[in-house]
There are 2 protein chains.
Amino acid sequence: MTISARVHYATLALIELALRQPEKTPVAVREITRRHGIPGPFLVQILRTLRSAGWVQSVRGSQGGYRLAVEPADLTLLEIAEAVGCPESNCQTDATDTPANQMVHEVWDAASEASRAVLARTTLAEIAARTAEGDAVMFYI
Amino acid sequence: MTISARVHYATLALIELALRQPEKTPVAVREITRRHGIPGPFLVQILRTLRSAGWVQSVRGSQGGYRLAVEPADLTLLEIAEAVGCPESNCQTDATDTPANQMVHEVWDAASEASRAVLARTTLAEIAARTAEGDAVMFYI
DNA sequence: ACCATACTTGACTAATCGGATCAACTTTCT
DNA sequence: AGAAAGTTGATCCGATTAGTCAAGTATGGT
């Protein structure tokens with residue numbers, strides 16, 4: 001499981017937006033980068049992806065920024081990871097389709113499915129709430 | 001879950017060796033590459049790693065090759081993947097250790113732990129046996 | 001003894017990817 | 001008008017992966 005910085009940053013940003021959803025003014029990119037130490041224009045690039053996915057809404061002009069466009073409870077970490085991260089773990093069957101090859105593929109698929117299941121059952125709302133509490137949380141395997 | 005070709009090839013080679021363990025003569029690299037379409041000298045590089053890990057034994061000279069050095073039932077896919085693949089998913093705590101950061105890290109860790117659990121409970125013996133079955137089936141087609 | 005076979009070692013190249021940056025432009029608030 | 005923000009597209013760098021080469025060494029068969 002590679003936790004590409006891209007996905008990590010995206011999640012951080014979304015948590016920030018989720019926590020500040022009650023505010024009426026949108027949150028500026030600058031603020032998020034300062035808060036979480038995310039390299040400036042890189043976050044912009046990520047937010048662009050999130051926008052075209054429909055998770056966030058951008059407000060231009062002065063006093064502009066970003067705002068969450070969906071319910072945090074409806075957004076799972078899996079969706080975030082897949083939208084922003086690697087371009088789909090393409091499980092195309094190789095040309096050399098020996099039985100050994102198939103077996104190995106099956107195991108890899110099972111493993112990746114297991115980790116995806118964990119991400120699929122964690123919502124943004126959940127992780128944002130826990131962040132707010134500052135609580136130590138146990139995630140069961 | 002990235003299934004680096006390195007790990008994939010390593011597993012394929014080990015399956016081959018496991019299946020031919022009863023033979024007295026070691027298996028030549030050339031043969032393995034032909035069977036599974038693995039690029040020649042790349043497999044050598046991988047086998048070197050497997051050797052220094054102690055999983056396989058090399059026999060030099062003519063009639064030489066590789067031979068499994070452990071019981072297939074004692075070797076899990078997790079061990080293989082970690083020995084040959086990425087250099088440990090280094091989960092170093094970032095300098096900016098905000099609560100959000102910690103939360104996100106916890107989820108990633110849980111996810112990666114889930115997939116590792118799958119690999120940890122699959123042994124080489126198991127996957128080799130299943131491959132053998134598949135081979136038998138193919139024989140009749 | 002000799003030669004073909006096969007592993008050993010170490011360095012080396014090529015392509016891809018993730019991370020990050022820049023510059024020029026548009027929109028909106030005051 | 002001017003400052004503050006986001007928008008877009010091009011680009012760059014460094015690390016990692018995949019894959020290669022060549023010179024060397026050991027072994028078995030004849």
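Values below: all heavy atoms of this structure, side chains included; hydrogens, waters and symmetry mates excluded.
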Between [atom2] of [N] and [atom1] of [X], the distance in whole Å:
X: B:I32; N: C:dA6; atom1: CD1; atom2: C1'; answer: 13 Å
X: B:L50; N: C:dT8; atom1: CG; atom2: C1'; answer: 15 Å
X: B:Q63; N: D:dG29; atom1: CD; atom2: P; answer: 6 Å
X: B:Q57; N: C:dC7; atom1: CD; atom2: P; answer: 14 Å
X: A:K24; N: C:dC29; atom1: NZ; atom2: P; answer: 16 Å
X: A:H8; N: C:dA20; atom1: NE2; atom2: C1'; answer: 16 Å
X: B:I38; N: D:dT20; atom1: CD1; atom2: P; answer: 13 Å
X: A:L47; N: D:dT7; atom1: CG; atom2: P; answer: 9 Å

Contact class for [X] (heavy atom, under 4.0 Å): base, sugar-phosphate, or nothing?
X: A:P41; result: base
X: B:R30; result: nothing
X: B:G40; result: nothing
X: A:G61; result: base

Distance below 4.0 Å between [X] side-chain N/O and [N] OP1 or OP2:
X: B:R67; N: C:dC7; answer: no
X: A:S62; N: C:dT27; answer: no
X: A:Y9; N: C:dG19; answer: no
X: A:S58; N: D:dA5; answer: no
X: A:R6; N: C:dC17; answer: no

A:L43-A:V59 co-clustered via ILVMFWY side chain contacts under 4.5 Å: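 Hydrophobic grouping puts A:L43 apart from A:V59.
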Using heavy-atom distances to pick each residue's nearest nucleotide on DNA chain C, tell me which of B:V27 and A:P39 is more 5'.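 Here B:V27 is the residue nearer the 5' end.
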If you assign A:R48 and B:Q45 each to the DNA chain C nucleotide with the nearest heavy atom, which residue ends up on the more 5' nucleotide?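 Its nucleotide being nearer the 5' end, the pick is B:Q45.
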A:E16 and A:R20: salt bridge (Lys or Arg N to Asp or Glu O under 4.0 Å), yes or no, with the steps? CA-CA 6 Å; A:E16 181 78 16; A:R20 302 177 58 172; 3.3 Å; yes
Looking at every heavy atom in both B:V84 and B:L50, which two are closest together, and how far apart are they?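 In this case the closest contact between B:V84 and B:L50 is CG2-CD2, 3.7 Å.
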Heavy-atom pair with the smallest gap, counting every atom of A:L19 and A:A128: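 Between these two residues, the closest heavy atoms are CD2-O, 3.5 Å.
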Report yes if a donor N or O on one partner sits less than 3.5 Å from an acceptor N or O on the other, where the partners are the side chain of B:R60 and the base of D:dT25; otherwise report no.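 Between D:dT25 and B:R60, which were checked side chain against base, a qualifying N/O pair under 3.5 Å is present.
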Go through the steps to decide whether A:E31 and A:R34 satisfy the test salt bridge (Lys or Arg N to Asp or Glu O under 4.0 Å), and finish with yes or no. CA-CA 5 Å; A:E31 265 189 272; A:R34 256 203 304 266; 5.9 Å; no
Starting from the C-alpha separation in whole Å, work towards a yes-or-no answer on side-chain contact (heavy atoms from CB on, under 4.5 Å) for A:E106 and B:R130. CA-CA 11 Å; A:E106 273 181 41; B:R130 279 199 288 172; 4.0 Å; yes
Of the nucleotides C:dG19, C:dT8, D:dA18, which one has an atom closest to the side chain of A:F42?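 Given the options C:dG19, C:dT8, D:dA18, the side chain of A:F42 is closest to C:dG19.
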